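Sequence positions, counted from 1, serve as the residue numbers for this chain. Note that these values count all heavy atoms, side chains included, but never hydrogens, waters or copies made by symmetry. Just so it is clear, the model here is predicted, and its values are computed rather than measured.
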Amino acid sequence: SKGRSCLFPVKVTMATLQKISQLMNLLRQARNGCSTYCLTYSSRVEASIHELEASVQELEAKKKELEALTVSHSKLQRALERLHDDPGNDGVVFTFATEGDESVQTTVTCSRQAMRHWSPPFDALIRHGNSMAGDFPSQVQVEDVKPIVFKQALHFQCSGCFQSEWIAGAEQHGHALLQFADRYDLQDLKDQYIANAWEKVPLCLQAVSWHLNLAFAANHIAHKERCVLMLAKAMDTPSGKDQFVKLGVEAAAAVLSHDQLMLAGGREKEVMASCRLWAFHHEDRLSQGKRLLDSVRFCLFGAQELLDLQEEVETSDSWNTLRPALTAAIRLGLSEKLRSDSPARARKRSSTVLPNEGPLLKALRKTVSIFQMDTQGGSAASA
């Protein structure tokens, strides 16, 4: 009993000591690890601080450089403005007809030499004026441009700064400044105008007609393609149709001509429905409707659809203006369908579903051939 009472405490004490020893080792490892981590972290922090200090110094240097450039820019702008305000013998007077009373002229005097550097078209305008004499006239008549638009362009050419208020937003339908810049090849002004337009009116389906009319006004090919594709893919939706009727005739024709045009049910007759929707949206559009007919691929209509359309054109007074052109287009489309080697399939759009009308076309071809035989026989008999 004495032995058992002595051995039990000894076993407990040894196990405890072993555990304590293990814990001490773990604590030493943790302490060493923390020290290593702290040293590594500290060195990284110091490196980051040095990088930040270097970046701050670089930014300060760039800030000083920018301030110097700003001062130089302001000096150059003031010098150009003074040059135009008081050109002396180097002046050229631009005249503009006053809106509502062309007998009253508004004038803006500018430096001839400064404006010759705007662009080659302006150099030609300064050199020749309103004739081709090449005698550097002292007065030039500027057509189809309001004085305020010319002054905006003059301000930009002197300062290089585009004023955001020059673009009112989505409610602005005319882009006179942009058209002026495109006409006289003021590329920097065009680029700034379009960049500000994108910022003020973000491109989306609800604003695509505004952007498309803008792109056509600026003759901006990349933006045209982007907007035309967006609207063409949405032409089978109410939102797409709402935007379509707001387009000018050239923009509308570009949308209807696109191979990615989405058609309800895949039927080409929906293109004709879009033409009708656009042309009847305003009374003055019917005279421009012929331009849209060139975008309709009549050979992709069903034969019965062409016959129904022909009947509508002949009986409806709404088509009086376009009847001759539309009748000729329908006949050409039907003739192409009746040809055995019709190239209609090669002209199909990605969404086009060609009608299954083999028996009908066969019957029509037979009828046409019989009619032609009768006509030729009658002609021979008359001879």
Query - E58 with K62: basic N within carboxylate O range, under 4.0 Å - result: yes
Report task. Could you grab the distance from atom CG of L80 to atom CE of M115, nearest 0.5 Å is fine? Result -> 11.5 Å
Requested in this report: Would you indicate whether the side-chain heavy atoms of K269 and L309 approach each other to under 4.5 Å?
Outcome: no
Query raised in the report: With a 4.5 Å limit on heavy-atom distance, are the side chains of L231 and L205 in contact?
Result: yes
Query - Considering all heavy atoms, the nearest M262-M235 contact - result: O-CB, 3.8 Å
Query raised in the report: What's the spacing between C158 SG and R78 CZ if we round to 0.5 Å?
Result: 13.0 Å
Query - Point-to-point distance, once rounded to the nearest 0.5 Å, from OG of S111 to CG of D86 - result: 10.5 Å
Report summary line: Only residue of I126, V92, D90 satisfying side-chain contact (heavy atoms from CB on, under 4.5 Å) with Q113 is D90
Report summary line: Taken to the nearest 0.5 Å, the spacing of Q310 CD from T327 OG1 works out to 4.5 Å
**Report entry** side chain to side chain contact (heavy atoms under 4.5 Å, CB included) between L178 and D182, intermediate numbers included
**Finding:** CA-CA 6 Å; L178 180 60; D182 180 59; 5.7 Å; no
Requested in this report: Take Q163 and H155, measure what side chain to side chain contact (heavy atoms under 4.5 Å, CB included) needs, and give me the verdict at the end.
Outcome: CA-CA 9 Å; Q163 304 295 323; H155 174 80; 3.2 Å; yes
Query raised in the report: Do R183 and P121 have side chains that get closer than 4.5 Å, going by heavy atoms?
Result: no
Report summary line: Heavy atoms of A218 and I194 approach each other most closely as CB-CD1, 4.0 Å
Report task. Spell out, yes or no, whether L306 and V353 are grouped together once hydrophobic residues are joined by side-chain heavy atoms under 4.5 Å, including indirect joins. Result -> no
**Report entry** Centroid-centroid distance, W118 to F156, less than 6.0 Å
**Finding:** no
Query raised in the report: Do V271 and L286 share a hydrophobic cluster, counting only Ile, Leu, Val, Met, Phe, Trp and Tyr and linking them when any side-chain heavy atoms are less than 4.5 Å apart?
Result: yes
**Report entry** Greater than 12 external heavy atoms within 6.0 Å of E67's CD
**Finding:** yes
**Report entry** Atom of D259, atom of R349 and distance for their closest heavy-atom approach
**Finding:** O-CB, 3.4 Å
Requested in this report: Take atom CG of N89 as the centre, draw a 6.0 Å sphere, and report whether it contains more than 12 heavy atoms from other residues, nucleotides or ligands.
Outcome: no
Requested in this report: Answer yes when E268 and K348 have at least one side-chain N-carboxylate O distance shorter than 4.0 Å, and no when they do not.
Outcome: no
**Report entry** Shortest non-hydrogen separation from L177 to A153 and the atoms involved
**Finding:** CD1-N, 4.0 Å
Query raised in the report: Taking side chain as C-beta onward, heavy atoms only, is F298 less than 4.5 Å from E305?
Result: no
Requested in this report: Taking the six-membered ring for Trp and the single ring otherwise, decide whether the centroids of H175 and W210 are under 6.0 Å apart.
Outcome: yes
Query raised in the report: Heavy-atom count around I221 CD1 within 6.0 Å, excluding the residue itself: above 12?
Result: no
Query - Side chain to side chain, F94 and C110, heavy atoms closer than 4.5 Å - result: yes
Requested in this report: Check the pair L203 / H223 against side chain to side chain contact (heavy atoms under 4.5 Å, CB included), numbers first and verdict last.
Outcome: CA-CA 10 Å; L203 177 59; H223 199 41; 4.1 Å; yes
Query raised in the report: Linking I/L/V/M/F/W/Y whenever any side-chain heavy atoms sit under 4.5 Å apart, do L332 and L307 land together?
Result: no
Query raised in the report: Of the non-hydrogen atoms in H281 and R285, which two are nearest, and what is the gap between them?
Result: CB-NH1, 3.5 Å
Query raised in the report: Would you call R127 and D123 a salt bridge, using N to O less than 4.0 angstrom?
Result: yes
Report task. Establish whether I148 and V145 are linked, either directly or via other cluster members, by ILVMFWY side-chain heavy-atom contacts under 4.5 Å. Result -> yes
Report task. Kindly assign one of parallel, tilted or perpendicular to the pair Y184 and F122, based on the angle between their ring planes and the thresholds 30° and 60°. Result -> tilted
Report task. State plainly whether the residues K241 and E270 are in salt-bridge range, i.e. N to O under 4.0 Å. Result -> no
Query raised in the report: Hey, does the side chain of N213 reach the backbone of S209 with a donor-acceptor pair shorter than 3.5 angstrom?
Result: yes
Query raised in the report: Under 3.5 Å, is there a donor-acceptor pair between the D188 and Q192 side chains?
Result: no
Requested in this report: Could you tell me whether the side chain of W198 reaches within less than 4.5 Å of the side chain of H211, counting heavy atoms only?
Outcome: yes
Query raised in the report: Would one find more than 12 heavy atoms of other residues, nucleotides or ligands at under 6.0 Å from atom CD of Q187?
Result: yes
Report task. Working to the nearest 0.5 Å, report the span between CD of Q243 and CE of M230. Result -> 10.0 Å
Query - Q57 versus E53, side-chain donor and acceptor atoms under 3.5 Å - result: no
Query raised in the report: K200 versus N196: any side-chain heavy-atom pair under 4.5 Å?
Result: no
Report task. For Q172 and G174, indicate whether the former's side chain and the latter's backbone hold a donor-acceptor pair under 3.5 Å. Result -> yes
Query raised in the report: Is there side-chain contact between L334 and F301, with at least one heavy-atom pair below 4.5 Å?
Result: no
**Report entry** For the student: nearest non-hydrogen atoms of L261 and S351, plus distance
**Finding:** O-OG, 2.8 Å
Query raised in the report: R323 and E314: salt bridge (charged side-chain N to carboxylate O under 4.0 Å, His left out), yes or no, with the steps?
Result: CA-CA 7 Å; R323 183 171 291 138; E314 290 176 350; over 6 Å; no
**Report entry** Under 3.5 Å: donor-acceptor pair, side chain of H258, backbone of Q260
**Finding:** yes
Query raised in the report: When clusters are formed by joining ILVMFWY residues with side-chain heavy atoms under 4.5 Å apart, either directly or through shared neighbours, do L322 and F280 land in the same one?
Result: yes
Requested in this report: Mind checking the CG-CD spacing from L212 to E225? Nearest 0.5 Å is all I need.
Outcome: 11.5 Å
**Report entry** Cation-pi geometry met for K224 and F216 (6.0 Å, 45°)
**Finding:** yes
Query - Intermediate values then yes/no, side chain to side chain contact (heavy atoms under 4.5 Å, CB included), K190 and L186 - result: CA-CA 6 Å; K190 279 180 61 176; L186 304 177; 5.8 Å; no
